[in-house]
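The sequence lines fix the lettering, A, B, ..., with proteins before strands; numbering per chain opens at 1. The structure presented is a predicted model; accordingly, all values stated were derived computationally and were not measured.
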Amino acid sequence: MSRLEPIVEPLLAWYEKNARDLPWRHGVTPYRVWISEIMLQQTRVEAVKGYFERFMQALPDVESLSSVEEKRLLKLWEGLGYYSRARNLKRAAALIMERYGGALPRSRDELLKLPGIGPYTAGAIASIAYGLAEPAVDGNVLRVLTRLEDDHSDIADAAVKRAVEKKLRAVIPQGRAGAFNSSIMELGATICGPNGPPECLCCPLRSLCIGYANGTAGDLPVKAAKKPRRIEERTVFVLTRDALLAVRRRPARGLLAGMWELPSVEGRLDDAKVIEAVREFGLAPLRIAPLGDAKHIFTHVEWHMTGWRVTVEEPLEKEGLEWIDPRRLQGDYPLPSAFRAYLTLWEQL
DNA sequence: TATGCGTGGCA
DNA sequence: TTGCCAAGCAT
C-alpha cells in the first residue's frame, strides 16, 4: 500500500548504529521525554543540552514543576527563548497533578489536551515514552520525506503535514515506534540536514530516494517566503541610584511575557526627552549619559535600541520599578538576551 | 489560515 | 554583515 514500507528496516538499522548520545536518551521517562521535546521545539540540540540537565536537577518531576515559582522557572529557561513554553509546562504539570495523579497521560488525544503539546510533541511522547504507534512529524521529517519522494509541495501548507502523518502512521513498526520516529528525525538532523547539500553518500535511504536520483534533494523542501520583520525603535534606560539598578517585569502577555527587563520606552529619544521620560517614571534625574546603540533581532520584529545611563535621586513613591543590587541580576532575575548589550555596559562601569 | 512568539550558529 | 533558520504551538 504505502511506498514508505521499504524505509523502515534501513532506518532502524542505521539508527541503532548512529544515534547520537543525547542527555534525554538516558534513563528515558515520560517526564524527561516531555521536557526535552518542549525544549527542542524550534531550538537546536546543542542549545538544549545544558538547559535540560540543569532543569532536571532543579525540577526532577511533575510535582516539583507544578508548584515552582514562575520567576525561578523563567530563570531556568532564560536564554532558550519562546518563554510561553515554560509557562505552559507549569500549567500542564498542574493539570497532570489534578487529572492524572501526577503521571503523563498515555494517549495522543489526552496529551494533545495539555498546553504546549501539539501534534508533533504528542506523537513524540506517545511513541518514545510509551511505544505507541503514533507519527511525530517535525521539520526534519518533512525535509526527509519531501526529498525522498521529490515532493515540491510547500511544507508550510498544513495539508502536506497531514498527508505525511497519514503515510507514516501506516508503516510505523509495532514495538519500535519510538526508535522509528527518532530515526527519521535523526537522519534529518545529521545526514539529511537543512544547511548545504545533504550528505547523500552516507545515507541509508539513498537507493530509495527520488530526490537523490533526480538531483533535487538539495533544493527541497519548498517553503513559502516569510514576510519581513518590522523595525521598532526603543530607548532603554540604565537607571541607577546609589549602587542600585532599576528593573521591572514585562506584561504577562506578548513578547518576552513575564520576563524582567531594563525599563524602556518606544521611540528614539533625545536627551531632553530622556529627562522627560525619566520624570514620568517618578524619578528626578541627576546626570544622563548616552550608552550607544544596540540591535536585537527577534523572529518577527527587530529592536533598534538607544541606551541611556541615568543617575537619579531617591525615587518618589511610584509603582513598577524594582531597585536591585546588579550583582543579583545573574542569580535571581530572568532577563532576556535582548538587553545584554546594556547589561554588559553596566558591568564595565 | 496567518501571525506572534527567542535565540544563536552558520554560510 | 545579513539572512536563514532549528525536534512547533496558540490563537
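- In this structure, Ile297(A) reaches the bases: a heavy-atom distance under 4.0 Å links it to at least one base atom across the strands shown.
- Proximity of a side-chain donor or acceptor of Arg206(A) to a complementary backbone N or O of Leu201(A) within less than 3.5 Å is detected.
- Comparing dA10(C), dA6(C), dG6(B) against the side chain of Arg44(A) picks out dA6(C) as the nearest.
- Going from atom CZ of Arg229(A) over to atom P of dC5(B) covers 14 Å, rounded to whole Å.
- In this structure, Glu232(A) places its CD atom 13 Å from P of dG6(B), rounding to the nearest Å.
- The CD1 atom of Ile117(A) sits 12 Å away from the C1' atom of dG8(C) (whole-angstrom rounding).
- One atom, OH of Tyr82(A), and another, C1' of dG4(B), lie 9 Å apart when rounded to the nearest Å.
- If you check dG4(B), dC9(C), dA6(C) against the side chain of Lys223(A), the one that comes closest is dA6(C).
- A straight line from CG of Leu335(A) to P of dG6(B) spans 14 Å, rounded to a whole angstrom.
- Among the atoms of the strands shown, only primed sugar atoms or phosphate atoms (P, OP1, OP2) are found under 4.0 Å from some heavy atom of Arg143(A).
- At the heavy-atom level, Val45(A) lies under 4.0 Å from base atoms of the strands shown.
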N/O donor-acceptor pairs under 3.5 Å from side chains in residues 256-264 of chain A, not counting sequence neighbours:
{"residue": "Trp260(A)", "atom": "NE1", "partner": "Glu322(A)", "partner atom": "OE2", "Å": "3.0"}
{"residue": "Glu261(A)", "atom": "OE1", "partner": "Arg250(A)", "partner atom": "NH1", "Å": "2.7"}
{"residue": "Glu261(A)", "atom": "OE2", "partner": "Arg248(A)", "partner atom": "NE", "Å": "2.8"}
{"residue": "Glu261(A)", "atom": "OE2", "partner": "Arg248(A)", "partner atom": "NH2", "Å": "3.3"}
{"residue": "Ser264(A)", "atom": "OG", "partner": "Arg234(A)", "partner atom": "NE", "Å": "3.2"}
{"residue": "Ser264(A)", "atom": "OG", "partner": "Arg234(A)", "partner atom": "NH2", "Å": "3.2"}

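- Checking the phosphate oxygens (OP1, OP2) of dT2(C), a side-chain nitrogen or oxygen of Lys295(A) falls inside 4.0 Å.
- Nucleic acid contact for Trp24(A): base, since at least one base atom lies under 4.0 Å from a heavy atom of the residue.
- Within the structure, a side-chain polar atom (N or O) of His300(A) is placed less than 4.0 Å from OP1 or OP2 of dC5(B).
- Between Gly139(A) and Arg91(A), it is Gly139(A) whose nearest contact on DNA chain C lies nearer the 5' terminus.
- Listed nucleotides dG8(B), dC5(B), dC9(C) differ in distance to Thr299(A); the shortest reach to its side chain belongs to dC5(B).
- One can place CZ of Phe298(A) at 14 Å from P of dG4(B), the figure rounded to the nearest angstrom.
- Side-chain contact check for Asp21(A) and His26(A): at least one donor-acceptor pair (N or O, by modelled atom type) lies under 3.5 Å.
- The nucleotide whose nearest atom lies closest to any side-chain atom of Leu255(A) is, among dG8(B), dG6(B), dC9(C), dG6(B).
- Phosphate contact (OP1/OP2 of dG8(B), side-chain N/O of Ser337(A), threshold under 4.0 Å): present.
- Residue Arg250(A) is out of contact with every strand shown, counting any heavy-atom pair closer than 4.0 Å.
- Atom C1' of nucleotide dC9(C) and atom CG of Leu40(A) are separated by 15 Å, given to the nearest angstrom.
- Between His296(A) and dT7(B), a side-chain N or O to OP1/OP2 separation shorter than 4.0 Å is present.
- For the pair Gly116(A) and Glu37(A), nearest-nucleotide mapping onto DNA chain C gives the more 5' position to Glu37(A).
- Contacts of Leu22(A) with the nucleic acid, taken as non-hydrogen atoms under 4.0 Å apart, include base atoms.
- The environment of Arg253(A) atom CZ is sparse: at most 12 non-hydrogen atoms of other residues, nucleotides or ligands sit within 6.0 angstrom.
- Here the side chain of Tyr83(A) is nearest to one of dG4(B), dG8(B), dG6(B), namely dG6(B).
- Residue contacts for Leu80(A): at a heavy-atom cut-off of 4.0 Å it reaches a base atom on one of the strands shown.
- Rounded to a whole Å, the CD1 atom of Ile231(A) is 10 Å from the P atom of dT2(C).
- Taking side-chain N and O atoms only, Gln42(A) has a distance below 4.0 Å to OP1 or OP2 of dG8(C).
- Glu70(A) meets the side chain to side chain contact (heavy atoms under 4.5 Å, CB included) test with Leu74(A), Arg87(A), Arg249(A); sequence neighbours excluded.
- Between the side chain of Thr121(A) and the base of dG8(C), no donor-acceptor pair of N or O atoms lies under 3.5 Å.
- Among the heavy atoms of the strands, none lies under 4.0 Å from Ser36(A).
- Taking the centre and axis of the six-membered ring of Tyr333(A), the NZ or CZ atom of Lys71(A) falls inside the cone set by 45° and 6.0 Å.
- Between Val301(A) and Ala158(A), the one whose closest nucleotide on DNA chain B sits nearer the 5' end is Ala158(A).
- Side-chain contact, Glu110(A) with Tyr100(A): a donor N or O sits under 3.5 Å from an acceptor N or O.
- dC9(C) and dG8(B) have their P atoms separated by 23 Å, with the value rounded to a whole Å.
- Taking for each of Arg253(A) and Asp157(A) the nucleotide of DNA chain B with the nearest heavy atom, the 5'-most of the two is the partner of Asp157(A).
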